[in-house]
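To start, the structure itself, in structure tokens.
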Amino acid sequence: MIYLNGEFVAYQDAKISAFDRGCLFGDGVYEVIPVYSRRPFRLAEHVTRLEASLAAIGLDNPHPADEWIRLIEAVIAQQTFDDQSVYLHVTRGAAGYRDFPFPQPTQPTVLIFSTELVTPDAAQKAAGVRALSHADFRWLRCDIKSLNLLPTVLMREHARRAGCTEVVLFRDGWLSEGAASNIFVVKDGVVLAPPKSQLMLPGITYDLVLELCVAHGVAHAVRPIAEPEVREADELWMTSSTKEILPIVELDGQAVGAGRPGPLAAQLDTLYQDFKARIMRQGLQS
Ligand code: PDD
């Protein structure tokens, strides 16, 4: 079942207008929320980021936070899997014609569905993944979780063809993020992360990794990271709701550090998994 504009419908019956501005212009925003044991992870934070994305594109939020939470929980309840990945998007609706300015009035399209959550398994974490680098040719508002994902589609396909999982993006010689993840660097025992700005998505996983560093006394710094520092890193990780903390062991065919996942990736992954298990056991939605 899929939630579409106030109704739960079988996915084969879910119909969106050909004039939907999500189809025509990518005019909308989205969220991906991991669900463990039927509990959405950091739901309040995902809803807050959704609200920020909607505000940034000037689209009135169709639901207050408590209603979003109720809808998301209803979608989760309909699904058979315990661990899920909830996808939701809001577009500026279908005006019945194609023109760029906002339609007056606007009737947004709200779509929510959930699929099985597949996170990296122990073997994948132990092996790590390969990545390519690329110039960050996206726009200047990458803090908005926008439906305009053509650059991501092209970069991830470029990676796939090269047997890689992610693309590490540099803008003017500085690390921004991954095509669909945030990137952390480890050098000399210090975890480094680029500061939030309009050039990267403020990741929910990124926040949690930094919170865990603070809580457990892991040396870390949030500061701009130059491209050579990435290429000379001891460890490189990608983080996202679906990949969690995944070590990158090869960048552009060159080994990262020793060419295998490093000790800080293992430490942070243990802390992350413990946190997840504790939150789920206690039934908190933090
Ligand atoms: N992507 N940066 C980009 C560009 C992303 O697309 C994502 C997530 C992240 C990590 O954010 P979070 O930790 O909140 O998942 C960073 C999702 C998973 C996607 O588009 O499928």
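Start at 1 and go down the list; that is how both ligands and their atoms are numbered.
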Protein heavy atom at shortest distance from [atom]:
atom: atom 20 (O) of ligand 1; answer: Tyr30 OH, 2.6 Å
atom: atom 13 (O) of ligand 1; answer: Thr205 OG1, 2.5 Å
atom: atom 10 (C) of ligand 1; answer: Asn182 OD1, 3.6 Å
atom: atom 21 (O) of ligand 1; answer: Val32 CG2, 3.7 Å
atom: atom 17 (C) of ligand 1; answer: Lys145 NZ, 3.5 Å
atom: atom 2 (N) of ligand 1; answer: Glu177 OE1, 2.6 Å
atom: atom 6 (O) of ligand 1; answer: Ala180 CA, 3.4 Å

Q. Looking at ligand 1, does any of its N/O atoms fall within less than 3.5 Å of an N/O of Thr242?
A. no
Q.
Can you confirm, on distance only, whether ligand 1 has an N/O atom lying under 3.5 Å from any N/O atom belonging to Tyr206?
A. no
In this structure, does ligand 1 have an atom that sits under 4.0 Å from one of the heavy atoms of [X]?
X: Cys142; result: no
X: Tyr87; result: no
X: Met200; result: no

If I compare all heavy atoms of [X] with all of [Y], which pair ends up nearest, and what's the gap?
X: Trp237; Y: Ala265; result: NE1-CB, 3.4 Å
X: Leu199; Y: Ser176; result: O-CB, 3.9 Å
X: Ala233; Y: Val185; result: CB-CG1, 3.7 Å

(Q) Measuring centre to centre across the rings, with the benzene-like ring taken for any Trp, is Phe19 within less than 6.0 Å of Tyr97? (A) no
Q. Can you tell which part of Glu244 has a heavy atom less than 4.0 Å from ligand 1: side chain, backbone, both or neither?
A. neither
